[in-house]
Asker: 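Please see the structure below; I have some questions.
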Amino acid sequence: MNRHAEHDLAVTISGGSIAGLCHAIALRRIGATVTVHERVPGPMMARGAGIVVQSELTRLLADNGAGPLPFTSCRGRRYLGFDSGDGVLQAMPQQFTSWEAIHTALRAAVSRECYRAGSEVIDVSQEGSRILASLSDGTRVESDLFLAADGSGSVTRRRMLPEVEARYAGYVAWRGTLDEREVSGDLLPFFDDLFTFSEARSGGHMLAYLIPGKDDAVTPGFRRLNWVWYVHASRADLARLLTDKNGERHRSSLPRGMTPESTIAALKARASREIHPKMAALVSETRAPFLQTILDVTVPKTVFGRILLTGDAAFVVRPHTAGGTAKAAYEASVLAHALQSAGANVDSALSSTERLQLEYGNSLYRYGLALGNRWSRERSTD
Ligand SMILES: Cc1cc2nc3c(=O)[nH]c(=O)nc-3n(C[C@H](O)[C@H](O)[C@H](O)COP(=O)(O)OP(=O)(O)OC[C@H]3O[C@@H](n4cnc5c(N)ncnc54)[C@H](O)[C@@H]3O)c2cc1C
């Protein structure tokens, strides 16, 4: 892509997680010179767990020479009540992968010289049509376009839209994974080949499915069982739940391995009272459950001159939509396509991208809210 007579489009990306890498591969494919700055210095492998495979992501990977994405699959769903029994089956084939598998596939497609680990963007400004980004090591980098893919706590969003705040949805997601060889007795055959849901006695629900295991293994015997349990938590509860085993308070999630033993014991006891015994057994057998606060973030705008907010930096959608990753992939495809169609007119490309981002982000937000509210209405006590 020869965007300007004298040089290709230079793009600085803040954030080297899923959104940053999706944009990196899509923009490199259209000829842009891309540099990703990720503040985490080492490997980023302990962040999420299972992710439902969506076509937006697989299309982006295929179109940009990345992948293949390892996945597990199921033939249908099982809906359990909280007491016992085998529940109700529904045929609905689906595929599942993991945050680690997606990140690995994307990272492998982004060359080393494009990715700066341990590089934090601390400031960004625009002078004419040039963007200047200041990095934590004191250097400044110049580009034609800056993408803020720096997640739900985006510093760029806070600077551009100080009035936008993350809103706590009133509940948290407890999550866990178990290597399938660690799963006892008859549990594995019960969960294998199904996407299983269980109501909880006082509202909320839990879900479980198999995902790729260590080194992306999808062979039976080497996969992982992944579960998520949505639990109501008051703001006072939240302060306690987000305090890790060293007494440090976290902003919105508690990383794997950091949950205090007393919190894990309380979670397991609650599971045995509230959810189907097979689901409670999964919680009980999980060594290191971790916590994600459910937040809503919506923005009225994503474009500020040559600065674009994208991924979770723009909209944080509820996990019931299984859409956060798909949204990041969609936004990357839309931007690449708009830049390619607009020739040298970067501003027109950004404006058409913003329109589609706002449409998609708002509709996914409303969908997540409707799913979350349905659960809240069903909740009887707390
Ligand atoms: C625990 C968890 C579970 C999830 N489960 C699902 C799921 O099941 N399905 C689904 O579709 N989505 C899920 N999501 C959401 C999904 O992962 C995200 O929507 C998607 O990956 C896009 O995230 P992102 O790249 O925009 O932000 P993030 O993944 O938050 O990445 C932001 C990156 O920016 C870096 N960064 C921040 N500030 C700076 C800075 N100043 N300079 C440089 N780097 C910076 C951070 O270190 C981080 O790596 C989950 C998210 C979490 C946290």
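Both ligands and their constituent atoms are indexed starting at 1 by order of listing. Nothing here was measured: the structure is a model prediction, and the numbers come from that model.
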Asker: For the backbone of A173 and the side chain of Q292, can you confirm whether one donor and one acceptor N or O come within less than 3.5 Å of each other?
Answerer: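 Absent.
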Asker: Should D86 and R78 count as side-chain neighbours, where that means a heavy-atom distance under 4.5 Å?
Answerer: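 A side-chain contact under 4.5 Å exists here.
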Asker: Please report whether ligand 1 has a polar contact with R39, defined as an N or O pair separated by less than 3.5 Å (distance criterion only).
Answerer: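 Yes, there is a polar N/O contact under 3.5 Å.
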Asker: With backbone taken as N, CA, C and O and side chain as the heavy atoms from C-beta onward, which portion of A322 lies under 4.0 Å from ligand 1: side chain, backbone, both, or neither?
Answerer: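 The answer is the backbone of A322.
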Asker: At less than 4.0 angstrom from any non-hydrogen atom of E120, what atoms of ligand 1 do you find?
Answerer: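 Taking each heavy atom of E120 in turn, ligand 1 has 40 (C), 41 (N), 42 (N), 43 (C) under 4.0 Å.
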Asker: Which pairs of donor and acceptor atoms, one on a side chain in residues 105-113, lie under 3.5 Å apart (sequence neighbours left out)?
Answerer:
| residue | atom | partner | partner atom | Å |
| --- | --- | --- | --- | --- |
| R107 | NH1 | V110 | O | 3.3 |
| S111 | OG | E113 | OE2 | 3.4 |

Asker: Hey, looking at atom 8 (O) of ligand 1, which of G20, G50, G323 has the closest heavy atom?
Answerer: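 Result: the heavy atom closest to atom 8 (O) of ligand 1 is in G50.
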Asker: Is the gap between the ring centers of F195 and F96 under 6.0 Å?
Answerer: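 Judged by ring-centre distance (under 6.0 Å), F195 and F96 do meet the cut-off.
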Asker: Using a strict threshold of under 4.0 Å (side-chain N to carboxylate O), is an ion pair present between D186 and K278?
Answerer: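 Salt bridge between K278 and D186, a charged N being under 4.0 Å from a carboxylate O: yes.
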Asker: When rounded to the nearest 0.5 angstrom, what is the spacing between CD in E56 and CG in L61?
Answerer: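 If we round to the nearest 0.5 Å, E56:CD and L61:CG are 11.5 Å apart.
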Asker: Only heavy atoms of S17, strictly under 4.0 Å: list the atoms of ligand 1 that pass.
Answerer: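 Counting atoms of ligand 1 from 1, those under 4.0 Å from S17 are 25 (O), 28 (P), 29 (O), 31 (O), 32 (C), 33 (C), 49 (O).
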Asker: Can you list the atoms of ligand 1 that are under 4.0 Å from a heavy atom of S14?
Answerer: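 Here the atoms of ligand 1 in question are 40 (C), 42 (N), 43 (C).
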Asker: I need the atoms of ligand 1 closer than 4.0 Å to a non-hydrogen atom of S119, numbered in the order shown.
Answerer: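 Answer for ligand 1: 43 (C).
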Asker: Does an N or O anywhere in G311 fall below 3.5 Å from an N or O of ligand 1?
Answerer: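 Among all N and O atoms of G311, none is under 3.5 Å from an N or O of ligand 1.
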Asker: Using atom types as modelled and distance alone, determine if a side-chain donor or acceptor of T97 lies under 3.5 Å from a backbone N or O of P70.
Answerer: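 Side chain of T97 to backbone of P70: a pair is present.
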Asker: Taking only Lys NZ, Arg NE, NH1 and NH2, and the carboxylate oxygens of Asp or Glu, determine whether D150 and R39 approach each other closer than 4.0 Å.
Answerer: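 So D150 does not pair with R39 through a salt bridge.
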Asker: Return a yes/no value for R175: is any of its N or O atoms, backbone included, closer than 3.5 angstrom to an N or O of ligand 1?
Answerer: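 There is such a contact, yes.
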Asker: To which of E38, R318, H103 does the heavy atom nearest atom 49 (O) of ligand 1 belong?
Answerer: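 The residue whose heavy atom sits nearest atom 49 (O) of ligand 1 is E38.
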Asker: Taking only heavy atoms of A149 into account, list the atoms of ligand 1 that are under 4.0 Å away from them.
Answerer: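 Ligand 1 atoms under the 4.0 Å threshold to A149: 32 (C), 33 (C), 34 (O).
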Asker: Report yes if G16 has an N/O atom closer than 3.5 Å to an N/O atom of ligand 1; otherwise report no.
Answerer: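 Looking only at distances, the answer is no, because the N/O contact criterion of under 3.5 Å is not met.
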Asker: List every atom of ligand 1 that sits less than 4.0 Å from any heavy atom of V40, numbering the atoms from 1 in the order shown and giving each element.
Answerer: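 Near V40, the atoms of ligand 1 are 47 (O).
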Asker: Within the side chain of T353, is there an N or O that forms a donor-acceptor pair under 3.5 Å with the backbone of A349?
Answerer: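 Confirmed, T353 side chain pairs with A349 backbone.
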Asker: Any idea which part of S154 is under 4.0 Å from ligand 1, heavy-atom wise: side chain, backbone, both or neither?
Answerer: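 Neither part.
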Asker: Using heavy-atom distances only, which candidate in D312, I102, N226 approaches atom 19 (O) of ligand 1 most closely?
Answerer: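 Among D312, I102, N226, the closest heavy atom to atom 19 (O) of ligand 1 belongs to D312.
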Asker: Given L210, which of V218, N226, L188 fulfils the side chain to side chain contact (heavy atoms under 4.5 Å, CB included) condition?
Answerer: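 For L210, the side chain to side chain contact (heavy atoms under 4.5 Å, CB included) check succeeds only for L188.
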